[in-house]
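Positions are given from 1 along the sequence. Note that ligands are numbered from 1 as they come in the structure, with each ligand's atoms numbered from 1 the same way.
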Amino acid sequence: MPDTASAPAAAPAGVSKTDAEPKPIPFIDLQAQRRRIEAPVNAAIQKVLAHGGFVMGPEVTALERRLAEHCGAKYVLSCSSGTTALLIPLMAKGVGPGDAVFVPSFTFTATAEVAVLAGATPVFVDVKRDTFNMDVKSLERAIYTARGLGLHPRVVIPVDLFGQPADMDEINTLCAKEGVWVLADTAQSYGAGYKNKRVGNLAEVSATSFYPSKPLGCYGDGGAVFTDDADLHQRMTHIRVHGQGKDRNENVCIGLTARLDTIQAAVLLEKMNIFDAECVERNRIAARYTALLKDVVETPVIRGDRTSVWAQYTIKSKKRGAIVSTLAAEKIPTALFYPRPIHTQPAYRMFPSVEGGLPVTEELALEALSLPMHAYLSESDQDRIVAAVAKAVG
Ligand SMILES: Cc1ncc(COP(=O)(O)O)c(C=O)c1O
């Protein structure tokens with residue numbers, strides 16, 4: 001028997017219940033993308049199922065070649081995630097105890113985690129308020145902080161946060177002067193440009209992620225390392241498969257199981273066919289957000305000499321709480337990246353930060369808020385999001 005006492009009230013004449021309720025807007029619409037490429041992706045997966053080369057099948061090599069052509073790096077090593085893409089080069093370069101690895105604290109955990117996994121010490125560096133990326137002056141101070149602590153400055157891991165390349169020329173110049181090498185964390189920025197180059201080709205080594213929500217994402221975990229250094233690439237190839245040498249009976253170093261599945265490579269090859277066009281769309285949508293929101297909240301800043309792939313569209317507002325709740329009431333999701341910066345986390349509190357601390361990071365942790373962003377966001381959905389933000393800040 002239906003419980004009439006708790007039955008919902010009838011909608012007014014002419015208004016169905018669904019008309020009255022706002023339609024949920026996805027934060028990232030992977031289904032819209034899937035509908036566009038469903039047939040070729042299904043065919044590519046079927047092909048792998050038929051040939052049966054699930055590990056290091058021909059699609060893996062084809063993807064590595066395609067990525068190298070796309071970004072201009074000489075060597076590409078696909079691997080199991082963005083995290084292993086960061087860890088493998090640290091292992092290959094012998095980074096370990098006593099070494100300082102300079103990382104922002106305003107980033108995803110993996111950036112600092114790999115330093116600890118390698119046995120080194122992460123040293124936290126502050127970021128710039130306008131771009132969210134590493135502050136080179138803070139990095140310079142952190143190198144002195146590390147030396148003062150008796151650590152050996154070894155690697156800088158700048159992060160291209162939310163899709164925009166960090167200040168790579170300034171970072172590369174400072175690191176060359178200080179004898180420190182650069183591992184660019186491009187997990188959020190593959191596809192972006194800097195001066196006349198592409199991400200993947202802006203540092204001695206770069207690492208990216210193909211996690212599904214990334215601008216170029218697969219249907220599971222995946223990643224890649226980019227370099228022009230043939231020897232380093234060779235060592236990383238060994239590490240990807242248990243330190244294996246010329247065959248499975250020879251181990252030349254300590255390694256991991258860190259290969260990219262062939263099925264994921266097949267999916268990525270299909271996604272690469274539409275990736276550049278999707279990046280154009282992401283930029284159009286981001287520009288429209290900025291035009292509509294610039295007088296309402298602090299909108300993201302992209303430097304004139306680079307482009308972003310808009311992994312996130314992130315605003316800043318002291319009224320963040322009100323924006324989150326107003327949008328939630330209208331079925332519009334938001335995301336907080338990163339409300340608890342890494343240096344404040346229990347697992348990382350014992351590691352040093354730059355002298356003078358991380359005031360900008362701590363400010364951004366309270367004010368940054370990401371809005372729905374993907375290549376298939378319609379103007380009508382975007383108008384709803386913008387109107388809700390404006391309503392929330394009054
Ligand atoms: C900046 C950054 N670095 C590293 C990673 C790690 O990538 P994965 O999740 O593929 O291991 C991520 C993923 O979210 C990231 O955003």
Side-chain angles (χ1 to χ4, degrees), residues 27-28 30 63 67 76-91 101-118 122 124-125 127-128 131-134 155-166 168 171 182-192 199-200 202-203 205-226 236 239-240 256-261 264-265 267-268 271 300 308-314 335-343 345 347-348 361 364-365 368 370 373-374:
F27 190 71
I28 294 175
L30 285 176
L63 175 70
L67 288 166
V76 178
L77 185 93
S78 63
C79 60
S80 55
S81 69
T83 305
T84 51
L86 289 165
L87 180 60
I88 290 170
L90 294 180
M91 291 172 73
V101 179
F102 302 91
V103 294
S105 173
F106 195 66
T107 175
F108 182 64
T109 327
T111 315
E113 187 176 41
V114 291
V116 184
L117 286 172
F124 295 107
V125 178
V127 292
K128 304 278 277 184
T131 62
F132 306 101
N133 279 336
M134 189 176 265
V155 195
V156 175
I157 312 186
V159 178
D160 297 345
L161 208 71
F162 304 144
Q164 172 174 211
M168 294 310 296
I171 291 170
V182 182
L183 168 58
D185 182 343
T186 67
Q188 302 184 9
S189 66
Y190 186 79
V199 160
L202 306 178
V205 191
S206 305
T208 201
S209 165
F210 301 128
Y211 186 77
S213 60
K214 299 295 188 228
L216 179 62
C218 57
Y219 289 153
D221 281 307
V225 193
F226 307 85
M236 296 195 299
I239 291 169
R240 179 170 64 177
L256 306 162
T257 304
R259 295 163 295 221
L260 179 72
D261 291 344
Q264 300 303 345
V267 169
L268 284 164
K271 288 207 183 187
S308 176
V309 281
W310 300 100
Q312 302 295 337
Y313 185 88
T314 304
L336 301 187
F337 302 112
Y338 296 90
R340 290 186 67 185
I342 306 176
H343 73 287
Q345 297 284 352
Y348 292 89
T361 295
L364 291 173
S370 301
M373 165 51 90
H374 55 86

Polar pairs, ligand 1 vs protein, N/O only, below 3.5 Å.
residue, atom, partner, partner atom, Å
ligand 1, 3 (N), D185, OD1, 3.2
ligand 1, 3 (N), D185, OD2, 2.7
ligand 1, 10 (O), G82, N, 2.8
ligand 1, 10 (O), S209, OG, 2.7
ligand 1, 11 (O), G82, N, 3.3
ligand 1, 11 (O), T83, N, 2.9
ligand 1, 11 (O), T83, OG1, 2.6
ligand 1, 14 (O), K214, NZ, 2.7
ligand 1, 16 (O), Q188, NE2, 2.9
ligand 1, 16 (O), K214, NZ, 3.2

- request: Report the relative orientation of the aromatic rings in F106 and F132; use parallel for angles under 30°, tilted for 30 to 60°, perpendicular for over 60°.
  value: parallel
- request: Mark yes when over 12 heavy atoms from residues, nucleotides or ligands other than Y211 sit less than 6.0 Å from its OH; otherwise mark no.
  value: no
message: Quick check against the 3.5 Å criterion: does Q312 have a side-chain atom that pairs as donor or acceptor with the backbone of G163?
response: no
- request: Mind telling me whether H343 and F124 have parallel, tilted or perpendicular rings, with 30° and 60° as the class edges?
  value: tilted
message: I'd like to know if the side chain of N133 reaches the main chain of Q164, judged simply by a donor and an acceptor atom lying under 3.5 Å from each other, with no hydrogens or angles considered.
response: yes
- prompt: Side chains of D160 and T186: do they bring a donor and an acceptor to under 3.5 Å?
  reply: no
